[in-house]
Novice: 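My structure is below; once you've seen it, I'll send some questions.
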2 protein chains.
Amino acid sequence: MPRAKEFDEAEVLDQALELFRARGFKHTSFADLVDELGVSRQSLYDTYGDKQALYHTALKRYLDRGTDFIRRKLEEPAPVRKTLTDLFEDMISANCECGSPGCLMVNSMVELSPHDDATRALVLEHARTFENLFASRLSAAQRKGEIAKAKDPVALAQFLYHTVLGLAVASRALGDQASLRQTARLALQVLD
Amino acid sequence: MPRAKEFDEAEVLDQALELFRARGFKHTSFADLVDELGVSRQSLYDTYGDKQALYHTALKRYLDRGTDFIRRKLEEPAPVRKTLTDLFEDMISANCECGSPGCLMVNSMVELSPHDDATRALVLEHARTFENLFASRLSAAQRKGEIAKAKDPVALAQFLYHTVLGLAVASRALGDQASLRQTARLALQVLD
DNA sequence: CTCGATATGGAACGTCTGTTCTATTAAAGC
DNA sequence: GCTTTAATAGAACAGACGTTCCATATCGAG
């Protein structure tokens, strides 16, 4: 049996993720990663492949975590308005922690999606998943009489998705949490 | 008197703007600019300064054009709902033309704002201008009885601004115009 | 024609980039 | 103790990057 890894693969991946999130793909050099992760060049290549592969792995991890979080949240038995209010609040807090690096998914959509097929595929799939999860939760809310049956759950889900994108951009570039919360509150009025 | 410039300074600047818009700052090399603008390196440096200066000039031009457009539109005597509906429609069409390069301002907010003070200052000022223009138009609409007086015009303006950001991201990465229009329609329901 | 300013092509520059190679050290299992 | 695998440091690489310099050609005004 070989020697055991001396660094936690998942933990270092998360550190790389945070660097990419704060600085973007192009603005994060491999030398930056070596310096700030405390792992040698060669070990990074052996463990994660090249820079693109590392980025994609980090992005996939980020998206999966987000999907899991949303799915769990939407399964809670609370009223849909309460659930969505909490969800937006959580997202705003998460995107504004430690400065305002914004959302890795949104940053990837802007920086890489148009030129990198793998990234585009990842975010497109996530968008569909997001919309499906929300649409089915909203449909259930309609059956329970929580929101009007005349509304289109898919359109509502897409609207909420677009709202999340806007909040992520604003949190990265403007960083005013109070106005983000107010926007979330107004956005959820579409349910009324 | 010296020799006259052989290229249209404003026209070439617009071409550079489109390149930056489609590919971002880091992904657009100076060699790309030389190749695709049909102007020599030296002339570009003499006319616009270095790459950063060229980008900032292009971004400023883009923001100013956007502000002018919005200001003119909001001054029209039409009802506020009709005006905003048209405005969103125009923005969606403009952001989705020629592929989906998205919005140079939003792209700059994501790629450069956190690391480039000049860019951050430009977009922050634009955000304030946008919100002020919208807030005062909404206040006027309240005085005319077009929308309820109980609503906060500033909060509504910020909500609409955040909505625009989200639509720009979605148009760049997803490019589904139909869902963008539907989102715009739902967003404007906050006025009801 | 001449002078002054401009445009242009190409070479040159350091620097940074992502990536690979080599050599050495270190732990875990047989 | 040997083998195997992993970690590390450092050198080396070729290519791209932004930028500057130089020599030359071109046009307008005097």
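As a basis for the values below, the full set of heavy atoms in this structure was taken, side chains included, without hydrogen atoms, waters or symmetry mates. On a predicted model such as this, the values are computed, not experimentally measured, just so you know. Residue numbering restarts at 1 for every chain, and letters A, B, ... go by the order of the sequence lines.
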Novice: If you check the A:Phe30 side chain, which of C:dG9, C:dG18, D:dA9 turns out closest?
Specialist: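 Given the options C:dG9, C:dG18, D:dA9, the side chain of A:Phe30 is closest to C:dG18.
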Novice: Using whole Å, report how far CG of A:Leu33 lies from C1' of C:dC16.
Specialist: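 Whole-Å distance recorded here is 15 Å.
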Novice: Which comes earlier along DNA chain D counting from the 5' end, the contact point of A:Arg41 or that of B:Gln42, where each point is its nearest nucleotide?
Specialist: A:Arg41
Novice: How close or far is atom C1' of C:dT8 from atom CG of B:Leu37, stated in whole angstroms?
Specialist: 15 Å
Novice: Evaluate the criterion side-chain contact (heavy atoms from CB on, under 4.5 Å) for residue pair B:Leu13 and B:Thr47; output intermediate values, then yes/no.
Specialist: CA-CA 10 Å; B:Leu13 179 57; B:Thr47 309; over 6 Å; no
Novice: In whole Å, what is the span from the CG atom of A:Leu44 to the P atom of C:dT20?
Specialist: 13 Å
Novice: Quick check on DNA chain C: between A:Thr28 and B:Gly38, whose nearest nucleotide comes earlier from the 5' end?
Specialist: B:Gly38
Novice: Measure CG/A:Leu54 against C1'/C:dG18 and give the value in whole Å, please.
Specialist: 13 Å
Novice: When you measure from the side chain of B:Arg172 to the backbone of B:Ser100, do you find a donor-acceptor pair of N or O atoms at a distance under 3.5 Å?
Specialist: no
Novice: Measure the distance from NE2 on B:His27 to P on D:dC17 and round it to the nearest whole Å.
Specialist: 11 Å
Novice: Would you indicate, yes or no, if C:dT8 has its OP1 or OP2 atom less than 4.0 angstrom from a side-chain nitrogen or oxygen of B:Ser43?
Specialist: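 So the side chain of B:Ser43 is within the cut-off, an N or O lying under 4.0 Å from OP1 or OP2 of C:dT8.
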Novice: Where do A:Ser179 and B:Gln158 come nearest, in terms of heavy atoms and distance?
Specialist: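 That would be CB-OE1, 3.1 Å.
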Novice: What is the distance from CG of A:Asp50 to P of C:dT20, rounded to the nearest Å?
Specialist: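 The distance from CG of A:Asp50 to P of C:dT20 comes to 8 Å, rounded to the nearest Å.
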Novice: Measure the distance from CG on A:Asp46 to C1' on C:dT20 and round it to the nearest whole Å.
Specialist: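 Atom CG in A:Asp46 sits about 11 Å away from atom C1' in C:dT20.
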Novice: Let me know the distance between OH of B:Tyr45 and C1' of C:dG9, rounded to the nearest Å.
Specialist: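 Going from OH in B:Tyr45 over to C1' in C:dG9 covers 16 Å.
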Novice: If you take all heavy atoms of B:Gln15 and B:Leu37, which pair is closest and at what distance?
Specialist: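 Closest heavy-atom pair between B:Gln15 and B:Leu37: CB-CD2, 3.4 Å.
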